[in-house]
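The block underneath contains the structure these notes are about, expressed in structure tokens.
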Amino acid sequence: MYELPTYTKIWRIVQLIPFGKVASYGQISDLAGLPGRARLVGKSLSCVPEGMSLPWYKVLRSNGQIAFPVGSAQSQKQIGLLEQEDIFVFNNRINLKIFLWHPDLHELLWKLEY
DNA sequence: ACCTTGACATTGG
DNA sequence: GCCAATGCCAAGG
């Protein structure tokens, strides 16, 4: 049983964030079996191949903030995509009490078997 | 092989 | 709240 490349593991977790929910960089790294490597999640998302479908915009900082600079084109694009899932952004921040993903770990492992 | 770069997280003041 | 310091480590140059 060989290990998937780090970025591939991360992308596969991000793919499982359900509609209308968000996750944090640290949460994704934990779920990918890479605790303490939140920065690699950000790096991996900046390396997503062109044309690969991935809900990158649902990954936020641990406090619910959007990671891109306020007012940047990337931030505005992210806000638009979030609102398409009825995830609302105020002052560059999402309310995690409402929108944070709480995955069922058994179900998650099962889905990763594919 | 060394150095730098990150869409981060946590802690302590 | 804010800021600075520290830890993290795969990838790319």
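Labels below follow one simple rule: chain letters A, B, ... track the order of the sequence lines, proteins then strands, and each chain is numbered from 1.
- The shortest distance between side-chain heavy atoms of I13(A) and Q27(A) does not fall below 4.5 Å.
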Side-chain atoms of residues 81-95 of chain A: list all donor-acceptor pairs with protein atoms under 3.5 Å, sequence neighbours left out, distances to 0.1 Å.
{"residue": "E85(A)", "atom": "OE1", "partner": "G20(A)", "partner atom": "N", "Å": "2.7"}
{"residue": "E85(A)", "atom": "OE1", "partner": "K58(A)", "partner atom": "NZ", "Å": "2.8"}
{"residue": "E85(A)", "atom": "OE2", "partner": "Y57(A)", "partner atom": "OH", "Å": "2.7"}
{"residue": "N92(A)", "atom": "ND2", "partner": "I66(A)", "partner atom": "O", "Å": "3.4"}
{"residue": "N95(A)", "atom": "OD1", "partner": "K97(A)", "partner atom": "N", "Å": "2.9"}

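- Linking ILVMFWY side-chain heavy atoms closer than 4.5 Å, directly or via other members, places F19(A) and V14(A) in two distinct hydrophobic clusters.
- A donor-acceptor contact shorter than 3.5 Å links the side chain of Q15(A) to the backbone of S53(A).
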Quick one: side chains of residues 29-41 of chain A, donor-acceptor pairs under 3.5 Å with protein atoms, not counting sequence neighbours, listed by atom name and distance.
{"residue": "S29(A)", "atom": "OG", "partner": "G26(A)", "partner atom": "O", "Å": "2.9"}
{"residue": "S29(A)", "atom": "OG", "partner": "L34(A)", "partner atom": "O", "Å": "3.4"}

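- The side-chain contact (heavy atoms from CB on, under 4.5 Å) test applied to Q76(A) returns no partner, not counting sequence neighbours.
- Closest heavy-atom contact between Y25(A) and A67(A): OH-CB, 3.4 Å.
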Step by step, would you call V48(A) with W11(A) a side chain to side chain contact (heavy atoms under 4.5 Å, CB included)?
CA-CA 8 Å; V48(A) 172; W11(A) 293 335; 3.6 Å; yes
How would nucleotides 2-8 of chain C be written as a contact map, 5' to 3', with B for base contact, S for sugar-phosphate-only contact and - for no contact, using protein heavy atoms under 4.0 Å?
-----BB
For a side chain to side chain contact (heavy atoms under 4.5 Å, CB included) check, start with the C-alpha distance between L60(A) and L100(A), then their side-chain angles and the critical distance, and finish with the verdict.
CA-CA 10 Å; L60(A) 310 172; L100(A) 183 65; over 6 Å; no
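- Contacts with DNA chain C (heavy atom under 4.0 Å) in residues 57-71 of chain A: none are found.
- One can place NZ of K43(A) at 14 Å from P of dT4(B), the figure rounded to the nearest angstrom.
- The distance from atom CG of L4(A) to atom CD1 of I10(A), rounded to the nearest 0.5 Å, is 11.5 Å.
- Pairing each heavy atom of Q78(A) with each of V59(A), the nearest pair is NE2-O, 3.6 Å.
- Of the possible polar contacts, none joining the R61(A) side chain to the S24(A) backbone as a donor-acceptor pair under 3.5 Å is found.
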Could you tabulate the donor-acceptor pairs under 3.5 Å formed by side-chain atoms of residues 101-108 of chain A, not counting sequence neighbours?
{"residue": "D104(A)", "atom": "OD1", "partner": "H106(A)", "partner atom": "N", "Å": "3.2"}
{"residue": "D104(A)", "atom": "OD1", "partner": "E107(A)", "partner atom": "N", "Å": "2.8"}
{"residue": "E107(A)", "atom": "OE2", "partner": "K111(A)", "partner atom": "NZ", "Å": "3.1"}

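- Summarising the geometry, atom CG belonging to L109(A) is positioned 7.0 Å from atom CD belonging to E113(A); distances are rounded to the nearest 0.5 Å.
- When the C1' atom of dA10(C) is taken as reference, atom CG of L4(A) falls 15 Å away, rounded to whole Å.
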Identify the pairs formed between an N or O of the protein and an N or O of nucleotides 11-13 of chain B at a distance under 3.5 Å, and give each distance.
none

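- Near DNA chain B, meaning a heavy atom under 4.0 Å away, there are no residues from residues 81-90 of chain A.
- Helical stems involving DNA chain C, defined as 3 or more consecutive Watson-Crick or G-U pairs under 3.5 Å, span B:2-6 with C:9-13, B:8-13 with C:2-7.
- With sequence neighbours excluded, the residues that form a side-chain contact (heavy atoms from CB on, under 4.5 Å) with S72(A) are F68(A), P69(A), Q74(A), S75(A).
- Contacts between residues 17-31 of chain A and DNA chain B, counted as heavy-atom distances below 4.0 Å, involve S24(A), Y25(A), G26(A).
- Of the residues in residues 6-13 of chain A, those placing a heavy atom less than 4.0 Å from an atom of DNA chain C are T6(A), Y7(A), in numerical order.
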